[in-house]
Amino acid sequence: MSDIPTGHISIDELENVQITIGKIVGAIEKKAMEEGVVVGPTPKPGISDLRDWDYKLLSRYQPVYTPVCDQCCYCTFGKCDLGGNKEGACGINMEAHQARETLLRVITGAAAHAGHGRHILHHLIGIYGHDKPIDVGPSNLLAPNTQAVTGIKPETLGDLEEVMDYVEEQLTQLLATIHAGQEGAAMDFESKILHGGMLDHVGMEVSDLAQVSCMGMPKSDPEAPLVEIGMGCIDSSKPVLLVIGHNVAGVTNIMDYIHDHGLEDKMELAGLCCTAIDMTRYQMDKGGKPHAKVIGTLAKELKMIRSGVPDVIVVDEQCVRADVLDEAKKLSIPVITTNEKIMYGLRNRSKDSPAEIIEDLASGKEAGALILNFDVLGEVAPELAIKMSKIRDEMGIKALPSEEELRELSAKCVQCGACEMDCPDNLPIMEAMKTGAEGDYTKFEYLHDMCIACGRCDQACPKDIPVLNMIEKASQKLIREEKGLMRAGRGQVSDPEIRQEGVNLVLGTTPGIIAMVGCSNYPSGTKDLYTVADEMLKRNYIVVMSGCSAMDLGMYKNEDGETLYEKYPAKFLAGNLINVGSCVSNSHITGTAIKVAAIFAQRQVSGNYEEIADYITNRIGAVGVAWGAYSQKAASIASGCNRLGIPVVVGPHGSKYRRALIGKPYEEEHWKVYDARDGSEMPIPASPEFLLTTAESIEELFPMLAKNCIRPSDNNMGRMIKLTHYMELSQKYLGHMPEDWYKFVRTETDLPLAKREELLKMLEKDHGWEIDWKRKKILSGPTMKSDVSAQPTNVKRLCKGEC
Ligand code: SF4
Ligand code: SF4
Ligand code: SF4
């Protein structure tokens, strides 16, 4: 922040004066913030308020529907066959219904985050009061999503309640539109999807702001500690308490109890999914070593339970398997549910004494308990784990088959293929069974990394072979070596970081942000994440991680035994690797883009969503990757990115979300914007080419990432850098030059320097461009001009003379 005094600067007097000296801008911004900023045209937008913006996006990025099912069975008129775009009994057609289905997923995801946000906010206000200040690091723009959407500049926990009121009201209205006999137009469902996505990022932001402020989580900290991760990190000779879910509220009581009673070294506290990430952020704002360990993602849930290692399982909410209680029961592991969203039919013991609950669970009288009182939970969970560890040892519980049984079970296989048919990734189970019968279990090891532990193979097998248990047993050696490091979630990107890096991003000299987010439903194992992140980091992209992807990235090491979190620094700078945190920290990724518009480009942020989104669309090279997207939350997170013009690529399973948003690069009129300097039309590159699409393999993904970071605002150096990566990645992974590379060339200075002559020849020969060979200059051919002072916008009212 600037140290220039701000007292004598009047914002009114500065109207129409553009000051671009960083320090002064900082001072003005601070003052404006302090004085309460003017609010833009759409504070707390309703469903229709940003519809014009959505229609602009959707006219360029048109929905492509891929129905998973031809029928609708929403109401008692149905079920209706909508195949061939037929209408249902209510008049809705296939396209609109598919869009409705997508909307349902998106608002389900948004509600999951908003529900989380409301819960944690309520919980923290109960402890710290309404006036507890929001404190998330060295930033004035504390809540970019919240501020851009609602116009509210929250300063305390109490302020966040009004934000949640708005989000909940809008989500209710959106849910109402799913009802039969409401919306009939696919395009308006699409606009509602974008609205739901935008709300999602506000709900996520509230969740993370509240917990970072109150729970001592790292605050924009590039030095956030490294955390042990992997099934191999657990010392199973100690009592093991396993936590699964997303909402860390109750877990902090467990952590406090463990700390206060000196139990840290006497037991293992491990987590799965986002709760695990947030556990390792707890009380880490002053450094230190996190006590909790991270097992990994959703894909490890059943594997971890079936390993028999946990002595007690605590679940909270989201992405928790529905069969945790049944699976745990088989191995005498008591289950404690702690959140009304998952209660598994268990008796509510919230008002009972810890001793009574421990007694009932340890004796096996009850398989688990619902405990909504976190003080009770804090004591019961660790004490029960200590007790159960002894009891379970004495019971001699055997979780996985012995080596001998492995061979016998393999021999039982009749090679019918039912397991492979049901496996979501068609994994080669039969082959592993065949070699397993001969005593060679190496093929099971291959399955271990690919397998998402869904358990469908077990159910499909007519011979009752416990396929998953066999995979896990055969992979014990591998599992023991599963030890990685993940940098704890660092929270927001700070304002000073934006000041430093914003210009490079907008000019393209930092080639872009690759945000790798979402779940673990990968098409071919977890290592793909490492490969993608490493390649892009080497090329100086900023790689931002969150959620399950952030965990899986830490599971691999290079030849020097280093994880990427150790290899690359964690500032918001070119070539740095950032873990923002759990799923709700995804709001900081969109928040970063909003901050670039607000801080670097001085755009008014409050209630000014359209202008901010327009800025981001045209100037910030960023692509989201949800390679293992599985959840409804992943759909809502992507939709929230999309409304800001940030494209997202999902892995092959993402096609089951039923629709993509894809542009047509060959339709020239779709790739025109206004130049805000005079309102004239200007052509722009066809990038991003999509807002939501699927890639089949990482080979296909690489050039997509580089290409879709290209933006109209790139200067020549920036475009040259981006083009270089696009061409190189295409050649490296697809074996050929991209066909459309020349479409991004405005002048010879956009061309990669080392290959300039060769590329000029290609432009002349293959595309008929006129070249001045003496000066090595392009004389004619490009459809776009290079003009860094151009002000590309999709919004006519932002042009000079229009407002
Ligand atoms: S909502 Fe419409 S399409 Fe769906 S079942 Fe009812 S009548 Fe049929
Ligand atoms: S548990 Fe693993 S191997 Fe079995 S069906 Fe699921 S993904 Fe396939
Ligand atoms: S379903 Fe069972 S019997 Fe059939 S191939 Fe798979 S493991 Fe073998």
Side-chain angles (χ1 to χ4, degrees), residues 222 224 226-230 277 294 296-297 299 449-450 481-490 501 504-505 510-520 522-580 589 621-629 648-651 695-709 721-722 724-735:
L226 291 164
V227 182
E228 286 183 73
I229 171 165
I277 300 185
V294 180
T297 67
D449 183 45
M450 301 288 157
E481 283 160 15
E482 272 183 8
K483 292 179 190 173
L485 286 173
M486 175 193 76
R487 192 169 293 288
R490 53 106 82 192
E501 191 62 358
N504 302 325
L505 268 174
T510 292
I513 302 172
I514 306 297
M516 300 180 69
V517 305
C519 341
S520 52
Y522 312 115
S524 48
T526 48
K527 198 176 174 196
D528 282 350
L529 290 182
Y530 175 96
T531 313
V532 174
D534 196 28
E535 177 75 67
M536 301 315 279
L537 283 161
K538 275 191 239 159
R539 292 174 180 274
N540 250 358
Y541 288 79
I542 303 174
V543 174
V544 182
M545 310 295 302
S546 69
C548 283
S549 297
M551 295 190 248
D552 278 331
L553 184 71
M555 288 309 303
Y556 285 91
K557 294 174 180 160
N558 62 14
E559 18 345 305
D560 302 325
E562 272 181 329
T563 61
L564 294 186
Y565 289 113
E566 294 162 280
K567 185 171 167 191
Y568 295 99
K571 295 203 171 109
F572 184 70
L573 280 178
N576 278 225
L577 171 64
I578 284 181
N579 175 16
V580 282
I589 300 175
V623 183
V625 183
W627 198 238
V648 176
V649 190
V650 288
E696 290 303 318
S697 64
I698 57 166
E699 288 73 23
E700 192 186 318
L701 177 66
F702 279 116
M704 278 169 98
L705 294 179
K707 172 169 152 181
N708 288 289
C709 279
I721 290 168
K722 292 184 183 186
T724 304
H725 297 309
Y726 178 34
M727 291 178 195
E728 284 182 6
L729 286 166
S730 181
Q731 281 178 314
K732 180 169 173 183
Y733 290 98
L734 299 176

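This chain uses plain numbering: 1 for the first residue, then up along the sequence. For the numbers below, each heavy atom of this structure counts, side chains included, while hydrogens, waters and symmetry mates do not.
A donor-acceptor pair is defined here as one N or O able to donate and one able to accept, closer than 3.5 Å; no such pair exists between the side chain of Asp560 and the backbone of Glu562. Side chain of Thr510 to backbone of Gly512: no donor-acceptor contact under 3.5 angstrom is found.
The side chain to side chain donor-acceptor pair (under 3.5 Å) check on Tyr565 picks up nothing, with sequence neighbours excluded. With sequence neighbours left out, the salt bridge (charged side-chain N to carboxylate O under 4.0 Å, His left out) criterion links Lys527 to no other residue. For Asn579, there are no side chain to side chain donor-acceptor pair (under 3.5 Å) partners two or more places apart in sequence or in a different chain. Applying the side chain to side chain donor-acceptor pair (under 3.5 Å) test to Asn576 and every residue at least two apart in sequence or in another chain returns nothing. The side chain to side chain donor-acceptor pair (under 3.5 Å) check on Glu481 picks up nothing, with sequence neighbours excluded. Here Asp534 pairs with Lys538, Lys567 under the salt bridge (charged side-chain N to carboxylate O under 4.0 Å, His left out) rule; sequence neighbours left out. Applying the ring pair (Phe, Tyr, Trp, His ring centres under 6.0 Å) criterion to Tyr522, with sequence neighbours excluded, gives no partner residue. Shown here are the side chain to side chain contact (heavy atoms under 4.5 Å, CB included) partners of Met450, two or more places apart in sequence or in another chain: Leu427, Tyr446, Ser524. Partners of Glu728 under the side chain to side chain contact (heavy atoms under 4.5 Å, CB included) rule, at least two apart in sequence or in another chain, are Arg539, Thr724. Glu700 meets the side chain to side chain contact (heavy atoms under 4.5 Å, CB included) test with Ala695, Glu696, Ser697, Met704; sequence neighbours excluded.
Contact check for Val532 versus Leu701: side-chain heavy atoms found under the 4.5 Å cut-off. At a threshold of 4.5 Å between non-hydrogen side-chain atoms, the residues Pro523 and Trp627 count as touching.
Atom CE of Met536 sits about 4.0 Å away from atom CD1 of Ile514, to the nearest 0.5 Å.
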Donor-acceptor pairs are to be reported for all side-chain atoms of residues 540-548 against protein atoms at under 3.5 Å, with residues two or more places apart or in another chain.
{"residue": "Ser546", "atom": "OG", "partner": "Asn586", "partner atom": "OD1", "Å": "2.7"}

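The residues Lys557 and Glu566 are annotated as not salt-bridged, no charged nitrogen and carboxylate oxygen being separated by less than 4.0 angstrom.
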